[in-house]
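Just so it is clear: chains get the letters A, B, ... in the order the sequence lines come, proteins before strands, and each one is counted from 1. Heavy atoms only: backbone and side chains are in, while hydrogens, waters and symmetry mates are out.
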Amino acid sequence: MPRHLLTRRTTLLGATALTASACDSSRPREGFLGVMERFNARAQAVLFDERRLAPELPPEETTPPGKFPEYFVSDTVPLAPAGWALRVGGLVARPGVLTLDALQRLPRTDLRIRHHCVEGWSAVASWHGVRLSELARHVGADTRAGYVELRSFDAGYYSSWDRPSAFHPQTILAYGMNGQPLTPGHGAPLRLYSGVKLGYKMVKYLTEVNFLPEPTGGYWEDRGYEWFAGV
Amino acid sequence: MQAPERRRPQPWLIRVTHWLNVPLLLIMAASGLQILVAYPMLGPQGRPYGWYPFQGIPPPEWMRLGNWLAGARHWHFAFAWFLMLNGVAYVLYLALSGEWRRRLFLPRRDTRNALDTLAFYLRVRKHAPAQGLYNGLQRLAYTGTLALGLLAVLSGLVLYKPVQLGALTSLLGGYDAARAIHLVILVLLALFTVGHIVLVLLHPRSLAEMVTGGRKPDA
């Protein structure tokens, strides 16, 4: 057998074996797929423009009542504990707890934009609440806090966001949906809503917002979903 | 640089990019079907599209790659780059080498030949029309797959970044329309591949040329 053929075949076999071992679907954050995820996260961050807005949609685009899916990871609909209030901490000048009343006294933002689920469906509702950037101003968040972590009372569900996406004008702490107070199925009393991330990044049933210098993971992110997950 | 007519039927870059398409397209198709399983409907939530006959039916397990949604998305978004790079290398080579002249469909030059070839295949015409490396119908098919590839990338980008690429999203008719386009392209590419393989089995020499490059035409 000519020598160059042998070399070519060895190279091909080697490359195939390497791909097979480096691409493990059950551990997608490791090996070659993990390298590519980190590359894709950087590419998405470069593409992200904080002035670019998700289009506001007319009322007739609204998904019919009951057709907007309700997702939570607990066995039954999580219900807010008595005396619920939002704890705000991390690198902030004024850490503390905010009641729903206190949050509702902050400037209100309304938006009707499309929701993009990682599963591939989309749905439309109107949401109202207070911008996360407004809350950051209210508590005096430090500029060194490049990440925001959100925690919930839904069986340990949490996620962490990059600062540009978290401070996007369409990222809000929502206490209302379609003109009504938030229902338990959609994250009452307070959830994150945003036009710039996939649904699993929008933590419902909020208990805590922490402004942090480093990213933490997330409930689904720790199980293999992409961390950046921008749309 | 040689004129394309004097070159081997299949220059090395054409062969390499052609064969790289096989694993890359298989990975993209199989991981794409695993992604589809998470929501095998093409309409937005609450409003299924009536025209899609397989509404809600997940593709069979043997066709899928990635175990579950997260794994399949990692495969899909990792290998999409390599498929795109492969496509860009091919198109650049076509443009710079002049190979596009004997491979791409040019309507004024090739329409007549494509129709005559079709007539020959349908047994309306007795003899095949004269042709160079490819006949008009082949040029139409190969150019069509390039167009499909471009549309697959564009609709895929809409599904990946519907907000950041908002202008492209509107151009393709919205997020759910882009999902439909992306899946229809997969079906069309699969149909092309079936036809491609059938014709290769009928003309085995073309397969040998796609491996070895073939002989240079006699001067």
Out of [options], which one racks up the most heavy-atom pairs below 4.5 Å with chain B?
options                       : result
A:C117, A:P69, A:A43, A:P55   : A:P69
A:G66, A:G224, A:S122, A:A123 : A:S122
A:V124, A:V118, A:V196        : A:V118

Could you tell me which non-hydrogen atom of B:V163 sits nearest to which non-hydrogen atom of A:G195, and how far apart they are?
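Here B:V163 and A:G195 meet closest at CG2-O, 3.3 Å.
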With a cut-off of 6.0 Å (strictly less than), are more than 12 heavy atoms of other residues, nucleotides or ligands near CZ of B:F54?
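At most 12 heavy atoms, drawn from other residues, nucleotides or ligands, come within 6.0 Å of this atom.
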Does some side-chain heavy atom of B:H74 sit less than 4.5 Å from a side-chain heavy atom of A:M36?
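Not in contact.
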Do A:L47 and B:Y160 touch side chain to side chain, with heavy atoms closer than 4.5 Å?
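The answer is no; the side chains never approach within 4.5 Å.
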Compute the ring centroids of A:F39 and B:F77, then answer whether they are less than 6.0 Å apart.
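No; B:F77 has its ring centre 6.0 Å or more from that of A:F39.
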Return the option, out of B:N67, B:V37, B:L69, B:D176, with the maximum number of heavy-atom pairs under 4.5 Å with chain A.
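Of B:N67, B:V37, B:L69, B:D176, B:L69 has the most heavy-atom pairs under 4.5 Å with chain A.
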Ring-plane angle category for A:H116 and B:Y175, please: parallel below 30°, perpendicular beyond 60°, tilted otherwise.
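Perpendicular: the ring planes of A:H116 and B:Y175 meet at over 60°.
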Please assess B:Q164 against A:F48 for the test side-chain contact (heavy atoms from CB on, under 4.5 Å), listing each intermediate value before the final yes or no.
CA-CA 6 Å; B:Q164 300 304 324; A:F48 180 83; 3.4 Å; yes
Test log, rule side-chain contact (heavy atoms from CB on, under 4.5 Å), inputs B:R73 and A:Y225:
CA-CA 8 Å; B:R73 284 173 61 93; A:Y225 278 12; 5.7 Å; no
Checking heavy atoms, do the side chain of B:I35, its backbone, both or neither come under 4.5 Å from chain A?
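For B:I35, the contact with chain A is made by the backbone alone.
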Toward chain B, the part of A:E61 with a non-hydrogen atom under 4.5 Å
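The backbone, not the side chain.
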Where does A:L198 contact chain B at under 4.5 Å (heavy atoms): side chain, backbone, both or neither?
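Only the side chain of A:L198 comes within 4.5 Å of chain B.
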